[in-house]
Structure formats: structure tokens, C-alpha cells
There are 2 protein chains.
Amino acid sequence: MKTRLFIVDDHYLVIEGIRSLLQQEEDIEWMGHASNGESCLAFLEKDEPEVILMDISMPGMSGIELCKEVKKRYPGIRILGLSTFNQRSFVEKMIESGANGYVLKNASKEELLKAIQAAKAFKSYLSFEAVEALRNHTEKEVPILTRREKEVLEQIAEGMTNQEIGEKLFISSTTVDTHRKNLMMKFEAKNVAALIHLASKAGMI
Amino acid sequence: MKTRLFIVDDHYLVIEGIRSLLQQEEDIEWMGHASNGESCLAFLEKDEPEVILMDISMPGMSGIELCKEVKKRYPGIRILGLSTFNQRSFVEKMIESGANGYVLKNASKEELLKAIQAAKAFKSYLSFEAVEALRNHTEKEVPILTRREKEVLEQIAEGMTNQEIGEKLFISSTTVDTHRKNLMMKFEAKNVAALIHLASKAGMI
DNA sequence: TATAAAATCCTGTTTTTACAGGATATCAGG
DNA sequence: CCTGATATCCTGTAAAAACAGGATTTTATA
């Protein structure tokens, strides 16, 4: 019995590459692909795959949000996280959101096939690096920010003062200051300069 | 005549995917791949491809450094930047480092082939998004910094205060403050946060 | 060798941030 | 229903940065 596979990734070359890679596999049926969460959900209304390969970082709805949504609507579908990031926080979030496994983009074809087969059998599979990421607490992780913290961070990066941010977001400047404090705690930054530097390196602004 | 192609990327699935995609192409000869800058340079000592597809973000030596090095040692080799980032700074840095083109990972197979053919003919090719990235921010000019200003900027980004920077560079904290003022003037930044943000986007830290 | 650019240093004042140490309301998940 | 996370708000003090407006020395180069 063939495994009905669907893929969601915003990088066309990755999709086409994996498609081409799996085309020669007898036991995989390629159902199609989507380049964002919205079109993935639209596809699922018409047809239901067994396994979805899902990129984490996508424009619009993130893989984590999409994973939650898909699992809520279609609990039978197995989801494999697919990403370039081997950061603990990402792997963790994805598993928490209901993913059955996690494969890094630097995994081998064999590893990918193993993960797909495991997912089909309702088992879980984490690629080696993903397991390492979960084990390795020492590795510097990208902090997970709340909606408000992200908004405040963006405004700080634009050069706005607490007062200006407060006016813009309709909150008190002291509240902005609290968010700022929390941001610096999360990033373990000494001051704004370090905060913006770290956030920028992490690709969050 | 076949195009002798080599690829450098730390994501195995991307390599295998692109290999699989291009295998059916008549006019491309797959020479091999490397997962980092060092092994790429080692390969080039033995054999010389015509075109190298090169990822920008890699562990160890970055694509930008590798590009410079390859162009220095083997000026005849054409290099195509390959990345998920459509940020101006990356595209620009890569071109400055001698790359003949830039293709995003969400490009189509046709676009990739076009870029490879252009590179083979010593022409340049930028994928649509890369051109957009270059066009969108052309107005913003990156300020030219002095040696000292760069040093101070780096220290500021690390979270050091004027006093700490002064001690480290054996100058007065007031001098550091002057450099800071000049940096903010050059970047037209309102405060450190904006300064670090702009400098980071410009790829200067 | 002029001259411009760079690097150094200073005294103030005002504004903003950093840090400490709270409190309250809401809402989702176990 | 309780707990934890989120978001909101507050008072204070100390430290740092931002701003203004200087000056001197060094260094590269036209």
C-alpha cells in the first residue's frame, strides 16, 4: 500500500527536489504540494493525505500554527516537521503542536524515508540532529516571544522610545518598559544594543 | 557541450533534490557536492567545475567568504549564490564577492537552469526576488565607516557601555561617545537600537 | 606642505534606559 | 478550579545615552 504524501514548503526548489527524489520510490504516492498554510488547508478540504511534510518557517501562517490547525481538523493525518533549524525550541514546539516527527533538511534520503514510514505506522521519528537538539540544553536557543513582545521589539528596532511605542500601541510607557525588560531577560542581553544585535542575528527583525 | 556543475550546501536534502532535478537534464554534468567551504576547496584542488551552486548560510566558512576564496584561486569558475534569503545585503555581498548570479530556493527549475546557462556563458543572472531586493532599497546608502568607528560599533553591538569600550580600546569614554555620535549621524539613526538595527541589516555586524 | 579627515579629549544638560520590586486582570490548559 | 503565561500598570533610583558645542593632535594625501 502506497503512502499518500503531501508537502508544504515555501521553497519551490526544495519541493521539486524532494518530489524528484521520492518519485523513484514505489511505496510513495505524491499527492501534491502547497507553498503556504492557507493553500494547504484548502487542499485538505478536498483530499486527505496520510502524511504531510511540513516546513516550519513560512511566510504567513507558520508551520507550528499550521500543524495545530491540521491536527485539530484532521487528527488522522500524520505530520513531519521539516526544517533547517536544529534548535531545541523549534523541535519542541513542533512536537507539542502534534507533529509525529521532525526531519532536518540536511538529513539523508534514507532518513526521510524512514521518517515517512514511521509516520505512516503512527510511530514517531526524530532525525539525529533533532534528538541532539532536544538533548543539548547548553545550546543557545532563540527565545520564543509573545505577540506583544514581537511588536515592541520591532518598534524598539525602529528607534522608538518607550513613550512613543506606548502611544503607538495604546499602552502605557511603563508597560512597554516591562516588555523591554522581559525581552532582555529572554535574550540574556545587557542592553538594547545587545538585544537588537541578537534579535537581528536570530532573524527576528 | 555539458555544463560541469558542482554544489555546496549544508542541507543534504537540498543537494539530493537538486541533483535529482537536474539528472534528467542533458546538458548538465553533475560533478559532485560539498557540505561546507573547506571540503569544497579541497575538491577544487583535484578537479575544476565550470559552475558552482553555492549556499550562503553554512556552518564554518560562509558562502560569502568561500565565494571570495574560490574567485581568487580560480577566477574562471562561475559562482551562483543559492539561498532562502532575499535580503539586499546578502545579494549585494555575494555579488561584491564575485558571484555571477543569485537564485532563491523558491525559484523554479526553469529559473535555475536559466541561471546556470547564463553563468556558463559568463553572463549574470539574478532571480526575480533578488532583483527586487536590490531595487527596493537602492535609495538607502550604506555609510562608509572608519576603522575606529567599526571597532566601536562592534563593541556597542556586544552590549558594552561607552566606559567599557573606552577601557577595552584604551581611549576615553568621551571619545567613544564621539564615535557613537558620528555613527548615529552617518546612519541617520535616532538611538542605539536603530543604529544596531540598520548596521545589522546592512551586514556590517 | 597645506589641508581634510580621523581620532582624541573635554564640560555641561536633558532624556531615556536599566534595574528593583511590586500589583492586577485575563485567559487557556491540565 | 487552579496554575501559569500574558498583558497591563505603578513608584522609585541609578546609570547610561542623547544632545549641544566646543578643542587638540595625528595622519594620510593631493
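The structure presented is a predicted model; accordingly, all values stated were derived computationally and were not measured. In what follows, every chain begins at residue 1, and chains take the letters A, B, ... in the order their sequences are listed.
- Between B:Thr174 and B:Glu149, the residue anchored closer to the 5' end of DNA chain C is B:Glu149, taking for each the nucleotide with the nearest heavy atom.
- If you measure from atom NZ of B:Lys150 to atom C1' of C:dA7, you get 15 Å, rounded to the nearest angstrom.
- Across its full length, the helix from C:dT1-D:dA30 to C:dG30-D:dC1 shows an angle of 60° between the axes of its 5 terminal pairs at either end, rounded to 10 degrees.
- Between A:Glu188 atom CD and C:dA18 atom P the separation is 16 Å, expressed in whole Å.
- Distance alone, capped at 3.5 Å, places no donor-acceptor pair between the B:Asn100 side chain and the B:Ser124 backbone.
- Going from atom CG of B:Leu145 over to atom P of C:dA7 covers 10 Å, rounded to whole Å.
- Applying the salt bridge (Lys or Arg N to Asp or Glu O under 4.0 Å) test to residues at least two apart or on different chains, the pairs with a partner in residues 151-164 of chain B are A:Lys190-B:Glu164, B:Arg147-B:Glu151, B:Arg148-B:Glu151.
- Per the geometry, CG belonging to B:Asn182 stands 14 Å off P belonging to C:dC9, to the nearest Å.
- In this structure A:Asn182 satisfies the side-chain hydrogen bond (donor to acceptor under 3.5 Å, both in side chains) test with no other residue, sequence neighbours excluded.
- In this structure, CG of B:Leu169 is placed 12 Å from C1' of C:dA7, rounded to the nearest angstrom.
- Distances shorter than 4.0 Å separate none of the side-chain N or O atoms of B:Thr175 from OP1 or OP2 on C:dA7.
- Nucleic acid contact for B:Ser172: sugar-phosphate only, since backbone atoms but no base atoms lie under 4.0 Å from a heavy atom of the residue.
- The salt bridge (Lys or Arg N to Asp or Glu O under 4.0 Å) analysis of residues 5-15 of chain B, with sequence neighbours excluded, yields the pairs B:Asp9-B:Lys105.
- One can place NE2 of A:His179 at 13 Å from C1' of D:dA5, the figure rounded to the nearest angstrom.
- Rounding to the nearest 0.5 angstrom, the gap separating the OG atom in B:Ser83 from the CE atom in B:Met94 is 8.5 Å.
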Query raised in the report: Which parts of nucleotides 13-30 of chain D does protein reach within less than 4.0 Å, heavy atoms only, written one letter per nucleotide 5' to 3' as B for base, S for sugar-phosphate only and - for none?
Result: ----SSBBB---------
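- Computed from coordinates, the A:Lys71 NZ to C:dG29 C1' distance equals 19 Å when rounded to whole Å.
- Closest to the side chain of B:Thr146, from the set C:dA7, C:dC9, D:dC9, is C:dA7.
- Listed by chain and number, the residues in a salt bridge (Lys or Arg N to Asp or Glu O under 4.0 Å) with A:Lys120 are A:Glu50 (sequence neighbours excluded).
- In this structure, the CZ atom of A:Arg148 is 16 Å from the C1' atom of D:dA5, given to the nearest Å.
- Taking the salt bridge (Lys or Arg N to Asp or Glu O under 4.0 Å) definition, one finds that B:Arg4 meets it with B:Asp47, sequence neighbours left out.
- Not counting sequence neighbours, A:Lys71 has no partner by the salt bridge (Lys or Arg N to Asp or Glu O under 4.0 Å) test.
- Applying the salt bridge (Lys or Arg N to Asp or Glu O under 4.0 Å) test to pairs two or more places apart or on separate chains, those with a residue in residues 18-35 of chain A are A:Glu16-A:Arg19, A:Glu25-A:Lys109.
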